[in-house]
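All figures in this text were calculated on a predicted structure; none of them were measured in a lab. The first residue of the sequence shown is numbered 1, and numbering continues consecutively from there.
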Amino acid sequence: MEKLKRPVYLKPGTDDFFKMLQQEVKETVLKNSSLYLINILKSFGLLMLFFLFYTCVLLFGNNTLLLFLFYILCGITMIVLFINAFHDAAHGALFKKPKHNEWFTYSLELFGSNHWLWIRRHIGLHHAYTNIADWDVDLKQSDIVRIFPTSPWFNYHKYQHIYMWFIYPLYSLNWIYVRDFKDFFGKKDNYVKKVVEKIPKKEIYRLFVAKAINLFYILFLPMLILKQPWYLVLSAWITMHLCASIVGVVALVSTHVDEDAQFPLTDENGNLSNTWAVHQMTVTKDFSTDSKLANFLYGGFTHHVAHHLFPGVGHTYYPYITPIIKRYAKQYNLPYTSYPFYHAVRSHFRMLKNNGVKENILMTGEI
């Protein structure tokens, strides 16, 4: 695909707020080692919980109600494990030693995806160029949905605020069995190729092996062991992915893409008008930060501003970093937004409706 000029952020000045913010966080919050241990215990606890529910599928799955129940619990635990433990490890934020973080990222292969690809997609593009058209691959995934106001408009987009309710529940199925192959082998709009010149062959082999192993133990093995009809096990497996996707999409739509979302544009030389830190605060939002349940389930996504400013810090530290960020935002007149999750989800679908209108003059994509 066409090579595009990488966006360039404004260089921070000597009085940049982020330098002072980093120093304060380092001297106060990051000294609490108990939060580091809590994160590790939570991560391994979620991993054990997933395999406990999976074992229950094999042990009690001949009861149809329990079959669906434990598959659903597998799905929810799978996505919570990903959002919390794998996400932190991928950012090098779960363990102190890089090799331990790398080892834990292989947990993504347990669910059929590829950690090498995901890290380059998420960290190399989304975190580096958040909400920037043609670069943020986490937002621009398909022409089915029009997120960026500058993206091509198709006639069916006028209905996207309706049909996306039915497409979002397919998110994990699309991710594992469609999008991974598109990013490895696709030529049209292959944004990963912007940061990777050549995909190692071992990762291609690992991609197929991981998917084969995942399908064998999570789908075909229950079909072989249980006395249930194959189509019933298949239905329970699909339900697992539907429930996982619904839980996961709440985090995806609540942090960057509401009706007030900003999509900064570069000038003709590829320059942006803000520093990296100000850009992150402008395009990122928190949700349900005061909810203990939301913080447990969604880890670094509820306190997402803290995550984007401190991606190398474990999510258990974020509830203590956010109040400092809010203070600096007020002091330096910087944007900071936090919504309840239901407000954020409603706002996302209002954004879809707005962006589904051709040449909407209110959606310019400019700050």
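Residues Ile83 and Ile176 share a hydrophobic cluster, clusters being chains of Ile/Leu/Val/Met/Phe/Trp/Tyr side chains in contact below 4.5 Å. Linking Ile, Leu, Val, Met, Phe, Trp and Tyr residues whenever their side-chain heavy atoms come within less than 4.5 Å places Met164 and Leu139 in a single cluster. Leu10 and Leu272 fall into different hydrophobic clusters, where Ile, Leu, Val, Met, Phe, Trp and Tyr are joined by side-chain heavy atoms under 4.5 Å apart, directly or via other members. In terms of hydrophobic clustering, with Ile, Leu, Val, Met, Phe, Trp and Tyr side chains grouped at heavy-atom distances under 4.5 Å, Met78 and Leu293 are assigned to a common cluster. Residues Ile213 and Phe220 fall within the same hydrophobic cluster, defined by Ile, Leu, Val, Met, Phe, Trp and Tyr side chains chained together at heavy-atom separations under 4.5 Å.
The CD atom of Gln280 sits 7.5 Å away from the NE2 atom of His256 when rounded to the nearest 0.5 Å. Interatomic distance, His343 NE2 to Thr337 OG1, rounded to the nearest 0.5 Å: 9.0 Å. Of the inter-residue distances, the one linking Phe154 atom CZ with His157 atom NE2 reads 6.5 Å to the nearest 0.5 angstrom. Between the CG atom of Asn214 and the CG atom of Leu110 there is a distance of 8.0 Å, given to the nearest 0.5 Å. Between Phe86 atom CZ and Asn101 atom CG the span is 11.0 Å, to the nearest 0.5 Å. Of the inter-residue distances, the one linking Asp138 atom CG with Thr130 atom OG1 reads 9.0 Å to the nearest 0.5 angstrom.
Between Lys99 and Glu102, none of the side-chain N atoms (NZ, or NE/NH1/NH2) sits under 4.0 Å from a carboxylate O, so this pair counts as no salt bridge. Taking a cutoff of 4.0 Å between a charged side-chain nitrogen and a carboxylate oxygen, Arg327 and Glu24 qualify as a salt bridge. Under a 4.0 Å N-O distance rule, the pair Asp180/Lys211 qualifies as a salt bridge.
Ring pair Phe82/Trp118 is perpendicular by interplanar angle, where above 60° counts as perpendicular and below 30° as parallel. Taking the six-membered ring for Trp and thresholds of 30 and 60 degrees, Phe111 and Phe50 have ring planes more than 60 degrees apart, a perpendicular arrangement. By the 30° and 60° cut-offs, the orientation of the rings of His127 relative to His308 is parallel.
Using modelled atom types and a 3.5 Å distance limit, the side chains of His87 and His307 yield a donor-acceptor pair. When only modelled atom types and interatomic distance are considered, Ser172 and His241 share a side-chain donor-acceptor pair under 3.5 Å.
Using a 4.5 Å heavy-atom cutoff, the side chains of Phe18 and Pro12 are not in contact. Residues Val233 and Leu219 have side chains in contact (heavy-atom distance under 4.5 Å, counting atoms from C-beta outward). In this structure, the side chains of Leu58 and Pro222 come closer than 4.5 Å at one or more pairs of heavy atoms. Inter-residue side-chain proximity for Val137 and Arg179 is flagged as met; some heavy-atom pair is nearer than 4.5 Å.
The environment of CG in Leu52 is crowded: more than 12 heavy-atom neighbours from other residues, nucleotides or ligands sit within 6.0 Å. Counted within 6.0 Å of OH on Tyr9, heavy atoms from surrounding residues, nucleotides or ligands total more than 12; the atom is thus considered enclosed. In the displayed structure, Tyr342 atom OH is contacted under 6.0 Å by at most 12 heavy atoms of other residues, nucleotides or ligands. In Phe341, the CZ atom is not crowded: 12 or fewer heavy atoms of neighbouring residues, nucleotides or ligands sit closer than 6.0 Å. Tyr159 OH: 12 or fewer foreign heavy atoms inside a 6.0 Å radius. The number of heavy-atom neighbours closer than 6.0 Å to CG of Asn32, taken from other residues, nucleotides and ligands shown, is above 12.
Residue pairs meeting the side-chain hydrogen bond (donor to acceptor under 3.5 Å, both in side chains) criterion with at least one member in residues 52-81, sequence neighbours excluded, are Thr64-Gln228. Legend: salt bridge (Lys or Arg N to Asp or Glu O under 4.0 Å) pairs involving residues 330-344, not counting sequence neighbours: none detected.
The backbone N or O of Val178 sits nowhere less than 3.5 Å from a side-chain atom of Asn174 that would complete a donor-acceptor pair. The closest donor-acceptor contact from the side chain of Tyr177 to the backbone of Gly112 lies at 3.5 Å or more, if one exists at all.
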Is there a side-chain hydrogen bond (donor to acceptor under 3.5 Å, both in side chains) between Asp258 and His348? Walk through the geometry before answering.
CA-CA 4 Å; Asp258 67 348; His348 171 75; over 6 Å; no
Apply ring-ring contact (aromatic ring centres under 6.0 Å, His included) to the pair Tyr318 and Phe301, showing each step before the final yes or no.
CA-CA 10 Å; Tyr318 293 157; Phe301 285 80; 9.9 Å; no
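The salt bridge (Lys or Arg N to Asp or Glu O under 4.0 Å) check on Arg350 picks up Glu259, with sequence neighbours excluded.
Centroid-to-centroid, the aromatic rings of His115 and His122 stay 6.0 Å apart or farther. Ring pair Trp103/Phe95: centre-to-centre distance not below 6.0 Å.
Figure legend: cation-pi geometry between Lys96 and Tyr36, with NZ or CZ positioned under 6.0 Å from the six-membered ring centre and within 45° of its axis.
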